[in-house]
Structure formats: C-alpha cells, structure tokens
Protein chains: 2
Amino acid sequence: MKQSKKTETIILQAALELFVRKGYHGTSINDIMKKVNFTKGALYAHFKSKSELLFKIIEEFKTKYIDQLIKTTTEHKGDTIEKLNYALSFNSEFALKNPDLCVFLTFMTTELNSNIDFQYALKAVYRTYMNFISSLISQGIRQGIIKNDLDPDLAALTFMAIHDGSLHQWVLNREHLDGREYVRTFRTIFMKGITK
Amino acid sequence: MKQSKKTETIILQAALELFVRKGYHGTSINDIMKKVNFTKGALYAHFKSKSELLFKIIEEFKTKYIDQLIKTTTEHKGDTIEKLNYALSFNSEFALKNPDLCVFLTFMTTELNSNIDFQYALKAVYRTYMNFISSLISQGIRQGIIKNDLDPDLAALTFMAIHDGSLHQWVLNREHLDGREYVRTFRTIFMKGITK
DNA sequence: AAAAAAATACTGATCGGTTAGTTTTTTCTT
DNA sequence: AAGAAAAAACTAACCGATCAGTATTTTTTT
C-alpha cells in the first residue's frame, strides 16, 4: 500500500475513534494528529479540512456497513423472517468487529445537525437503510408471516430504533454487559413482536 | 417569580434547545445569550460556568422526567403489563410535551463522555432508570405474565433502547412521521415481544 | 441609596487553517 | 544498480477568529 494511503487510513481511523468518544466539535485536529504521532500540518497534505474527515467516514459507513448489509441480506436464502434474522446477525457481528464505525451515525446525529451538508449526507444514509428494511417487512406482510396491522415504514423504524438504542446502551454498559445475551434478548423481543 | 429566577429559566431553556440541536461543544455561550437577547457577561451573574448549565439540565432531566416516571408508574393501578404500558405512555407524552429535555441524555452521550464528571452524572441517571424497569419486569416474570427466559436487566435495556432509538428516529423524521402511530407500533412490538 | 442585573471591554488559551522550509520517498536517468 | 532530480510527506511556527471566563462600569430594580 502506498505511504500516502496508509497515513490517510490511520488518520481516518483515529478521527473516527475520537469523534465517537468525544464528539466532532469536542475533538480538535491536534487531538487527532497527536494520536497518530504527526503534527497538524500533515493533515492538510491529505485532507482539505476537518469536515472532509467526517464526510469520508460517512462514506465508509455507507459502503462498508449499510451497502453490505443490504447486499448480503438480499442474497441470503430463505423467507422474510430468515432474512430479518440474518440482518440482525449482520448488525451484531458488524458491531462486534467495527464498534466505532457502527455507532458513528447514531452518536453523531446531534452534532451533524449543526451543519446542513452533514445533515443531508446523514439523512440519505438513513433513508436507504429504512427503505430496505421496510421493503423486507412489506414482503413478510404479503407472505402472511408478519402482522398485517403494522405499517412497514414504522416497523422498519422500530427495527432501526432497537439497533441504535441497543448500541447506545451497550456502549454505556460495555464493561458489565454480556453482548451475546443482549443481542439474543432484543432479537427475541423484536421477532416475536412482529410475527403473527 | 423573581426576576433572577426568570432569567435563569430562559437561559437554561435556550441552552437545552441549542445543546440538543448542535451539541454541547458545538454551542458557544454567545450562541445561548444571543438567543435570549443578553450578552455573555450576564450569564456569569447567574451561573458560574458553561458546564454548570449542563449539570443543571441533567438535574432537571432526572427530577422532571425519570423521578416522575418512576413515581407515577409505581402508583399506577394494575399488574406489571399495565404498569409497563403506562410507562410507555408516560414516555410518549413526556416526549411530546418536552421533546428537547426528553432527547437530551440520548443525544448528548458522546459529548458527555469527554468529561468524567458529566459521564458520572449521566450513568447514575441511566442506572436509576434501568433498575426501575428491570424490577418491573422481574415482577412480571414472577407473576408468570412475562416470558421467563428473559433476563430482566437485558429486557429493561431493550425497553430503554426502543425508547431511545425511537426518539432518535423521530427527531430525524419529525416532518413526515405520525408520532402517535409510531408510538403504537413500537409499543405493540415490544409488549407482544415480552409477554408469554 | 443600596443591591442586583446586565453591558462593555478585556484576558489567555485554543480553534481550524496556512505557510515556508526540511526530510523522506519515489521516479527518472545513466 | 547507483545516483540525481522530482515529488510527496511532514514539521514548526504562525495567522486571524473564536472560545470560556473575568473585571469593571453602567443600568435597572427595589
């Protein structure tokens, strides 16, 4: 890998870690560069602004997470219930392997609101996510597997809410919380809650 | 009401609004005071620091929201299911009347992490909340109403996760989202998900 | 007139970002 | 393969703006 690409990767990695822990505005460029043992000026050889870091991370969030979730879930064999279960598993495994990236959008919402361009990028990703889950649930309703008094969009938002909220609680209680058991719990509750 | 108390109230109100929309670090003292048509110096006649605003809001969050939720739910007549349903209603109504205060802790988590004292105050409130819901669920299990393969703490976290996450999604989609229908949806899913 | 509330004017520190110059890496020439 | 030239990566010092916070003066309330 090229030197330049390598540096950009570690800067983005450090930025993500700090943004998630202290917020975008709570993290200074010096904080980031100190973490990777470079000085501030070096950042501007690779990125044109602090905000570009954020946009790059949003992009990564979409391609590595949301797009992959949609792709592999679509390809997954089985009916809607099995697909939703797979999506839940994908989420949990992704959260285990990339905790910072996974909580990124959830944790950043407030601060992303302070900039109209951040806001736009954020909503676009969420829209893609919701539309996909919503279409899965619609399928399930047509197939008669999922309760037909549920609005697919609202049920999809609930799916996302459980995931977002669970991650939130998990981060708050990381040290004294059995991740696997927790996943099993909210998966059971959600799946039983939507099926006929 | 005393003049001084009145001013303090509107400053706190403005601070809350801005913190929730732009984050703690994303909001400057000038932003707050511009909003209430005072100058910066005036703030320090009432509060000793920016962080004191935050602690005061956390306190308000606890006394007006969490403590009230616990008190009125405890007093509510009925079995555990009815109490949990009441708690869900309380949450929804509180969110409708005090949207900013309601989302405050959820939206502020990341930034609160940048300060150890914020972190401590935050976790204490969440702990109180979780312990209460957990004890309700334990009751329900003993009464044979709630599935006994659920861990009460983890189910309580799921309850909180749904609430947190739903608020999050609601704020993101305020304009094109029917609040009441949304509440009905995640309430149905959660309650069906935990009952035998 | 006394006391409280607010405005004004300021401090030092830190912010994101820029610059000039140095070191390291890559590319080209032989 | 060796060495020169070019390009890329990085540092350190610095910029103007803005930050939280303070000291002092003016205005308002009682």
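Proteins come first, then strands; the chains are lettered A, B, ... in the order of their sequence lines, and each starts at number 1.
A salt bridge is absent between A:Glu60 and A:Lys56; no separation between the charged side-chain nitrogens and carboxylate oxygens falls under 4.0 Å. The existence of a salt bridge linking A:Glu17 and A:Lys35 is confirmed by a sub-4.0 Å separation between a basic side-chain nitrogen and an acidic carboxylate oxygen.
Here salt bridge (charged side-chain N to carboxylate O under 4.0 Å, His left out) pairs that include residues 119-138 of chain A, with residues two or more places apart or in two chains, are A:Lys123-B:Glu175. Listed by first and then second residue, the ring pair (Phe, Tyr, Trp, His ring centres under 6.0 Å) pairs that reach into residues 3-27 of chain B are B:Phe19-B:Tyr24, B:Tyr24-B:Phe118, sequence neighbours excluded.
The salt bridge (Lys or Arg N to Asp or Glu O under 4.0 Å) test applied to A:Lys71 returns A:Glu75, not counting sequence neighbours. Partners of A:Tyr65 according to the ring pair (Phe, Tyr, Trp, His ring centres under 6.0 Å) rule, which considers only residues two or more places apart in sequence or in another chain, are A:Phe61, A:Phe94. Every residue two or more places apart in sequence or in another chain that forms a salt bridge (Lys or Arg N to Asp or Glu O under 4.0 Å) with A:Asp100 is listed here: A:Arg21. Legend: residues meeting salt bridge (Lys or Arg N to Asp or Glu O under 4.0 Å) with A:Lys40, ordered by chain and number and at least two apart, are absent. Considering only residues two or more places apart in sequence or on other chains, B:Glu181 meets the salt bridge (Lys or Arg N to Asp or Glu O under 4.0 Å) condition with B:Arg184. Qualifying ring pair (Phe, Tyr, Trp, His ring centres under 6.0 Å) partners for B:Phe47, counting only residues two or more places apart in sequence or in other chains: none.
Shown for residues 25-34 of chain A: residues whose heavy atoms fall under 4.0 angstrom of DNA chain C, namely A:Thr27, A:Ser28, A:Ile29. Remark: nothing in residues 114-122 of chain A comes within less than 4.0 Å of DNA chain D through any heavy atom. Interface residues of residues 49-60 of chain A facing DNA chain C, ordered by number: A:Ser49, A:Lys50; criterion, heavy-atom separation under 4.0 Å.
The 12-atom threshold is exceeded at CZ of A:Arg174, counting heavy atoms of other residues, nucleotides or ligands nearer than 6.0 Å.
Contact annotation: B:Thr7 side-chain N/O to C:dA5 OP1/OP2 distance is not under 4.0 Å.
Between the side chains of B:Thr7 and B:His46, not a single donor N or O lies within less than 3.5 Å of an accepting N or O.
No engagement by B:Ala45 is indicated, since no non-hydrogen atom pair under 4.0 Å with the nucleic acid exists.
Rounded to an integer number of Å, the gap from CD of B:Glu8 to P of C:dA5 is 8 Å. Between A:Leu43 atom CG and C:dT18 atom P there is a gap of 11 Å when expressed in whole angstrom units. As rounded to whole Å, 15 Å separates atom P of C:dA7 from atom OH of B:Tyr44. If you take CZ of B:Phe47 and C1' of C:dA5, they are 13 Å apart, rounded to a whole angstrom.
Under a hydrophobic-cluster definition in which Ile, Leu, Val, Met, Phe, Trp and Tyr are linked whenever side-chain heavy atoms come within less than 4.5 Å, directly or via other members, A:Phe55 and A:Ile29 are assigned to the same cluster.
Close approach of DNA chain D to chain B, defined as any atom under 4.0 Å from a non-hydrogen atom of the protein, starts and stops at D:dC19 to D:dT22.
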